[in-house]
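Both backbone and side-chain heavy atoms feed into the values below; hydrogens, waters and symmetry mates do not. Lettering follows sequence order; numbering is per chain, from 1.
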Number of protein chains: 2
Amino acid sequence: MRKKIIIVEDNQDVQEAFKLLIETKTNDYSVINTYDNCEDALSNLKTDLPEIVLMDIDLPGMNGIEGTRQIRQTLPKTDILIISVHENSQYVFDALCAGATGYITKNSNHTQLLKALDEVSAGGAPMSTHIAKLVVKSFRRESESPLTGRETDVLNLLAEGKSYMDIADQISVSKDTVKFHIKNIYLKLQVSNKIEAVTKAKSEGFI
Amino acid sequence: MRKKIIIVEDNQDVQEAFKLLIETKTNDYSVINTYDNCEDALSNLKTDLPEIVLMDIDLPGMNGIEGTRQIRQTLPKTDILIISVHENSQYVFDALCAGATGYITKNSNHTQLLKALDEVSAGGAPMSTHIAKLVVKSFRRESESPLTGRETDVLNLLAEGKSYMDIADQISVSKDTVKFHIKNIYLKLQVSNKIEAVTKAKSEGFI
DNA sequence: TGTTGTACTACCCATAAGGGTAGTTTTAAT
DNA sequence: ATTAAAACTACCCTTATGGGTAGTACAACA
């Protein structure tokens with residue numbers, strides 16, 4: 001049984017090219033419908049019941065990221081493979097957060113596209129070289145912290161929801177010392193309470 | 001010019017197998033040294049100057065994740081490819097956060113390993129099928145929230161570092177009402193302070 | 001019609017948190 | 001040896017927080 005694919009892509013040529021490619025070069029997939037916007041794709045979703053969606057991002061009306069979100073709400077088990085020109089990190093992250101299974105760039109060649117489909121079928125998450133790098137990079141935290149080692153320790157405990165007293169016990173100093181460190185942390189991060197400090201430190205990668 | 005590789009792996013057989021594989025099956029790489037622990041690898045790092053490090057995680061002494069962190073501090077441009085038996089998400093994320101370029105599992109076959117090396121060389125981030133899925137999944141947030149609309153509003157403001165009073169003004173209710181909502185939030189999330197509530201809600205995707 | 005869930009208000013109380021100020025001791029660098 | 005940064009302690013004071021208890025109002029639902 002061939003896996004059912006729908007394509008959401010507003011460029012007719014690209015749409016045709018994908019369809020032709022999939023229909024002629026493999027026996028594992030079948031393009032059952034193509035759409036040039038998310039709205040149409042969504043309204044036929046329950047009759048199409050695709051197993052894989054090839055989704056563009058730049059679309060008239062609803063964009064592909066919002067489309068991805070909505071398709072996943074209706075068909076949570078359907079894999080959505082984004083095929084986009086954007087290599088911009090925000091697009092990539094938004095798409096993945098919206099529930100995309102993989103993200104490959106439009107300049108991928110035919111072999112890579114078909115390989116991506118196979119990877120999706122195998123339960124994988126195909127990503128173009130550059131995209132995978134972006135994603136992995138997002139796990140890294142560099143940027144040197146303005147906080148001293150002690151302050152970082154204190155902030156980490158604060159981030160766990162510990163009280164001043166808890167922290168004092170844990171690092172074996174007095175409560176006033178903890179307070180002292182926290183005051184300095186607030187100064188350095190330009191904040192005035194625990195939540196802001198933790199949020200800022202996390203976003204800057206200090207903790 | 002062949003790319004210089006070092007292998008950090010405590011199992012002699014595996015170490016030998018990798019080395020043999022790389023030396024016989026490709027002309028693009030050369031294993032210039034093998035180590036069975038991070039400490040030795042680190043002390044020779046500046047003379048080895050490897051372009052790629054194949055790194056195990058379970059090692060005597062310093063583990064591969066800490067090793068990755070330290071190697072990246074000395075040689076930020078060196079790619080570190082983790083080869084591990086662990087498919088546990090924490091290990092994967094820790095490794096990527098520590099600066100690993102890719103993460104493949106030990107049950108990968110020879111072809112996959114060599115392909116991973118090529119991907120690293122091409123600036124990519126090779127990951128085993130299952131690993132890539134884990135990583136992509138980490139971008140998703142699902143699970144419907146147990147919080148009511150009002151509680152979610154309050155929690156969002158709390159997450160911005162606002163005080164009870166600030167929140168009360170913002171949503172035009174009394175301070176006691178805010179307090180009331182927060183008490184219910186704590187109950188539902190099973191926490192007892194702002195930081196824990198915000199942290200938990202964020203991790204569960206409620207806010 | 002009664003029940004349930006959500007939103008809301010109010011008051012009490014103890015402790016935590018935040019801000020100011022004033023110092024001492026360690027440690028590492030010049 | 002001197003200096004500066006980091007780590008630490010202590011006390012003052014005000015406000016914020018969290019926990020308990022006790023209600024009212026309103027809408028949806030059975």
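- A sub-4.0 Å separation between OP1 or OP2 of D:dA7 and a side-chain N or O of A:H181 is absent.
- Judged as a salt bridge (Lys or Arg N to Asp or Glu O under 4.0 Å), not a single pair has a partner in residues 19-31 of chain B (not counting sequence neighbours).
- For B:E16, there are no salt bridge (charged side-chain N to carboxylate O under 4.0 Å, His left out) partners at least two apart in sequence or on another chain.
- Summarising the geometry, the separation between CD1 on A:I171 and P on D:dA7 is reported as 10 Å, rounded to the nearest angstrom.
- By the side-chain contact (heavy atoms from CB on, under 4.5 Å) test, B:S163 pairs with B:M165, B:D166, sequence neighbours left out.
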Solution key, residues 112-120 of chain B side-chain donor-acceptor pairs under 3.5 Å, sequence neighbours excluded:
{"residue": "B:Q112", "atom": "OE1", "partner": "B:N109", "partner atom": "N", "Å": "2.9"}
{"residue": "B:D118", "atom": "OD1", "partner": "B:Y29", "partner atom": "OH", "Å": "2.7"}

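- In 5' to 3' order, the nucleotides of DNA chain C bounding all contacts with chain B (an atom under 4.0 Å from a heavy atom) are C:dT6 to C:dC12.
- Salt bridge annotation for B:E9-B:K106: present, with a cationic side-chain nitrogen under 4.0 angstrom from a carboxylate oxygen.
- A:E39 pairs by the salt bridge (charged side-chain N to carboxylate O under 4.0 Å, His left out) definition with nothing, not counting sequence neighbours.
- With sequence neighbours left out, the salt bridge (charged side-chain N to carboxylate O under 4.0 Å, His left out) criterion links B:E66 to B:R69.
- In summary, the side chains of B:D48 and B:Y35 do present a donor paired with an acceptor at a separation below 3.5 Å, with no hydrogens or angles considered.
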inquiry  = Each nucleotide in nucleotides 11-18 of chain D should get exactly one letter: B, S or -. Can you fill that in based on protein heavy atoms under 4.0 Å?
reply    = BB----SB
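- Judged as a side-chain contact (heavy atoms from CB on, under 4.5 Å), and not counting sequence neighbours, the contacts of A:T148 are A:R150, A:E151, A:K188.
- Comparing the axis of the opening five pairs of the helix from C:dT1-D:dA30 to C:dA29-D:dT2 with that of the closing five pairs yields an angle of 50°, rounded to 10°.
- Residues satisfying the salt bridge (charged side-chain N to carboxylate O under 4.0 Å, His left out) test with A:K175, not counting sequence neighbours, are none.
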Are any protein N/O atoms closer than 3.5 Å to N/O atoms in nucleotides 28-30 of chain D? If there are, list each pair with its distance.
none

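- Among the heavy atoms of the strands lying under 4.0 Å from A:T177 is at least one base atom, whether or not backbone atoms are also near.
- Checking B:N107 against B:T105 by side-chain atom types alone, a donor-acceptor pair falls below 3.5 Å.
- Atom CZ of B:R150 is separated from atom P of D:dA25 by 18 Å (rounded to the nearest Å).
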